[in-house]
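What you see below is based on every heavy atom in this structure, not just the backbone, and it leaves out hydrogens, waters and symmetry mates.
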Amino acid sequence: MPKLPYNFSIATLCVAASLGLTACDKSMPPPTAQQEPSVSTQAVAPTPAQAIEFINQAERSLAELSIEINRAEWIYSNFITEDTAALSAAAGENYSRETVKLATEAAKYANVKLDPVNARKLMMLRGSLILPAPADSQKTAELAQINSQLNGLYGKGEYCFADGNCYSQPELSVMMAQSRDPQKLLEVWQGWREIAKPMRPLFERQIELVNEGAQGLGFKDVSELWRGQYDMPAADFGQEVDRLWLQVKPLYDSLHCYVRGELNQHYGDDVVPANGPIPAHLLGNMWAQQWGNIYDLVAPENADPGYNVTELLAEHQYDEKKMVEQAETFFTSLGFEPLPDTFWQRSLFIEPSDRNVVCHASAWNLDNEDDIRIKMCIQKNAEDFSVIHHELGHNFYQRAYKEQPFIFKNSANDGFHEAIGDTVALSITPSYFKQIGLLEQIPSSDKDIGLLLKQALDKVAFLPFGLMIDKWRWQVFNGQISPEQYNQAWWQLRNRYQGVIAPVERDETQFDPGAKYHVPGGVPYTRYFLAHILQFQFHKALCDIAGNTDDIHRCSIYGNKEAGAKLEQMLTLGASQPWQQTLALVTGTNEMDATAVLDYFAPLKIWLDEQNKQAGNQCGW
């Protein structure tokens with residue numbers, strides 16, 4: 001999943017947050033001249049004017065600093081050296097110091113009665129930190145250094161085979177996707193996780209520091225801070241994601257049961273037992289988070305749609321830039337303005353051969369206005385064709401809300417930012433391929449099971465992974481998982497939610513969470529779980545607006561200006577109001593709901609249950 005780096009609003013550090021603060025609490029009025037208190041015994045309550053002036057100054061300061069850190073982070077991600085790491089760490093330290101100061105000061109105005117706009121800005125300033133640093137300047141510097149080191153360990157990570165050939169994470173991921181040799185897959189799987197071992201003490205110290213920072217802001221720990229950023233109390237948000245997961249769990253269980261049975265048929269009982277969890281190295285992905293790469297092993301008979309997107313891209317001479325140009329065309333077909341010239345001049349599309357870069361796909365807005373870019377090492381295949389649409393979704397969202405005040409230059413909640421590009425990607429259907437000239441004929445509906453299965457291997461298989469990463473981190477932050485239990489707890493949660501296990505015994509000398517970018521990168525992950533729910537809600541709503549009469553999984557909104565206008569209306573709001581109101585603008589409801597996921601995959605669920613019954617698969621693990 002792509003990361004949004006330091007590139008919007010209060011960088012990655014600011015997301016729409018509701019922390020229970022209110023502008024309606026009674027505040028002590030300022031004393032009159034006759035009632036002037038003793039300086040030594042009473043403090044003067046702040047006034048609305050003082051609060052608004054603070055907010056305005058904070059916005060100006062953060063806007064300036066965000067550009068500085070965006071540039072430093074961009075350079076570091078594209079030229080990983082000790083010098084760029086030092087510059088990035090210095091910029092991060094400066095930004096962190098300022099945001100800690102402003103978040104602490106914002107709390108002083110919590111009881112001041114303000115207009116709704118400024119009350120929301122103040123609330124978001126109060127909860128603006130993702131990895132809050134302690135007030136102590138030495139500890140702030142230490143945290144910035146740790147953050148930089150963790151990013152560098154991941155970005156420079158590689159695994160070298162016995163023949164001396166060394167490979168980066170994208171290259172190793174290709175091997176995981178393509179190989180069907182269990183021993184090679186195991187070596188690659190284990191080899192990549194070696195990069196995370198040195199992260200463990202750094203991560204442990206990072207947790208100590210950021211929890212201290214959160215406590216300085218009035219939170220119990222970072223877990224409470226993260227869960228409190230969704231316009232509802234922190235405890236309620238935890239219950240909300242559990243509710244959504246239980247909606248989709250029966251679909252996931254059917255998919256897991258079918259895939260395990262097919263892998264058992266292919267590899268045999270010695271590699272994949274017929275019952276129990278699935279070994280994590282056999283699912284076609286470095287983290288077993290998406291399973292689309294093993295479609296060839298589990299595809300139903302006669303389900304070949306008659307085309308291969310990777311082959312079609314090659315046949316029509318799509319290079320990396322042309323893939324991005326086509327994704328841009330999707331958005332312009334909806335009525336969005338084309339990308340600026342600077343996007344094409346400054347983005348990174350191809351992995352350089354002369355230096356280390358962070359290849360993880362990401363979308364950037366360096367100046368909070370029009371300097372939007374993507375950075376990814378594009379592979380000319382179907383997966384990256386979809387990922388490019390996703391990344392441009394971030395960019396078009398960033399530009400849509402550029403007229404908002406700085407604090408509101410963000411998505412309605414962080415799941416929205418991830419969902420928008422994926423909503424567009426759901427319209428990458430056979431009819432879309434026909435419209436853009438990649439396909440001559442749209443396959444008949446009897447091929448839909450294969451297409452839906454391929455989608456489910458990525459979309460449905462991801463859901464428990466998207467949930468468990470932050471389930472793990474929330475418990476690390478609040479102390480339920482101690483440092484001595486990091487790896488054990490990680491695999492317990494993966495077993496519980498995903499039904500996958502490590503292919504070999506893992507102990508506490510390992511740090512397997514660190515092999516997933518978002519853990520050393522300090523990027524909250526629940527946004528991706530929410531995005532996988534929201535994208536189907538958005539897709540169904542936009543297809544309804546477009547007048548779609550096909551099954552929802554066959555709908556493409558490509559070229560529909562009415563759907564595009566409604567989408568843009570939502571994007572321009574940024575974080576200026578609670579996400580529930582923004583959601584209702586497009587979907588007609590203020591609740592996230594996984595019903596659209598179930599509707600989309602309804603024909604597949606029936607088919608999976610039939611296959612499991614016929615094969616005598618014993619579902620569950």
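- Side-chain contact between D236 and R227: absent, with no pair of heavy atoms (C-beta onward) separated by less than 4.5 Å.
- Taking W74 as the reference, W364 meet the ring pair (Phe, Tyr, Trp, His ring centres under 6.0 Å) condition, with sequence neighbours excluded.
- Checked against the 6.0 Å centroid criterion, the rings of Y528 and H532 do not qualify as a close aromatic pair.
- Other residues, nucleotides and ligands place no more than 12 heavy atoms under 6.0 Å from the CD atom of E82.
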Exercise. Do K566 and D544 pass the salt bridge (Lys or Arg N to Asp or Glu O under 4.0 Å) test, and can you show the C-alpha distance, the side-chain angles, and the key distance before you say yes or no?
Worked result: CA-CA 11 Å; K566 181 61 73 171; D544 289 344; over 6 Å; no
Exercise. Checking side chain to side chain donor-acceptor pair (under 3.5 Å) for the pair K459/Q535: CA distance, chi angles, key distance, verdict?
Worked result: CA-CA 10 Å; K459 302 289 187 180; Q535 64 187 261; 2.8 Å; yes
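- Between L334 and K561, the closest side-chain pair of non-hydrogen atoms is not below 4.5 Å.
- The CG atom of L244 sits 7.5 Å away from the CG atom of D593 when rounded to the nearest 0.5 Å.
- Within the structure, side-chain hydrogen bond (donor to acceptor under 3.5 Å, both in side chains) pairs that include any residue of residues 135-144 comprise K139-E212, E142-R205 (at least two apart or interchain).
- Side-chain contact of Q326 with H389: a donor-acceptor pair under 3.5 Å is absent, judged by distance alone.
- Side-chain contact check for D242 and Q239: no donor-acceptor pair (N or O, by modelled atom type) lies under 3.5 Å.
- Using a 4.0 Å cut-off between a side-chain N of Lys or Arg and a carboxylate O of Asp or Glu, R243 and E240 qualify as a salt bridge.
- Remark: F536 pairs with Y600, F601 by the ring pair (Phe, Tyr, Trp, His ring centres under 6.0 Å) rule, at least two apart or across chains.
- F408 and K121 get closest at one heavy-atom pair: CZ-CG, 3.6 Å.
- Between D370 and K402 there is a salt bridge, with a side-chain nitrogen of the basic residue lying less than 4.0 Å from a carboxylate oxygen of the acidic one.
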Problem set entry | N118 and D115: CA distance, side-chain angles, deciding distance, side chain to side chain donor-acceptor pair (under 3.5 Å) verdict | CA-CA 6 Å; N118 279 301; D115 62 275; 2.8 Å; yes
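- A centroid separation of less than 6.0 Å is found between the aromatic rings of F477 and W226.
- Residues S362 and I374 are not in side-chain contact: their nearest non-hydrogen atoms beyond the backbone lie 4.5 Å or more apart.
- The pair E93-R97 meets the salt-bridge criterion, since a charged nitrogen lies less than 4.0 angstrom from a carboxylate oxygen.
- Not less than 6.0 angstrom separates the ring centroid of Y154 from the ring centroid of H360.
- Open room surrounds NZ on K220; 12 or fewer heavy atoms of other groups in view lie less than 6.0 Å from it.
- What you find for L339 and R399 is that their closest heavy atoms are CA-NH1, 4.0 Å.
- Distance check: M124 CE to D231 CG gives 8.5 Å after rounding to the nearest 0.5 Å.
- The heavy-atom pair separating R120 from A575 by the smallest distance is NE-O, 2.9 Å.
- Within 6.0 Å of CD in E53 there are more than 12 heavy atoms belonging to other residues, nucleotides or ligands.
- Every ring pair (Phe, Tyr, Trp, His ring centres under 6.0 Å) that F330 has, sequence neighbours left out, goes to Y432, Y558.
- A pairwise comparison of heavy atoms in G218 and E224 identifies O-OE1, 4.4 Å as the closest pair.
- Closest heavy-atom contact between P132 and V222: CD-CG2, 4.2 Å.
- Between M323 and I378 the shortest side-chain heavy-atom distance falls below 4.5 Å.
- In the model, N478 has a side-chain atom that pairs as donor or acceptor with a side-chain atom of Q480 under 3.5 Å.
- When the ring pair (Phe, Tyr, Trp, His ring centres under 6.0 Å) test is applied to F465, the partners found at least two apart in sequence or on another chain are Y525.
- Ring planes of H417 and Y401: perpendicular class, angle over 60° (limits at 30 and 60°).
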Exercise. So Q289 and K516, side chain to side chain donor-acceptor pair (under 3.5 Å) or not? Walk me through it.
Worked result: CA-CA 10 Å; Q289 67 182 60; K516 177 61 182 170; 2.7 Å; yes
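- Side-chain N/O atoms of T332 and T329 include no donor and acceptor closer than 3.5 Å.
- T104 and L217 make their closest contact through OG1-CD2, 3.4 Å (heavy atoms, listed as atom of the first residue, atom of the second, distance).
- Just one of D422, D414, D470 meets the salt bridge (charged side-chain N to carboxylate O under 4.0 Å, His left out) condition when paired with R527; it is D414.
- For residues 44-68, every residue pair satisfying the ring-ring contact (aromatic ring centres under 6.0 Å, His included) rule, not counting sequence neighbours, is listed here: F54-Y109.
- Judged purely by distance below 3.5 Å, without hydrogens or angles, the side chains of Q581 and N590 never pair a donor atom with an acceptor atom.
- Contact annotation: the side chain of L583 approaches that of L534 to within less than 4.5 Å [non-hydrogen atoms, C-beta and beyond].
- The aromatic ring centres of F416 and Y397 sit 6.0 Å or more apart.
- With rounding to the nearest 0.5 angstrom, the CD1 atom of I388 is 9.5 Å from the CD1 atom of I428.
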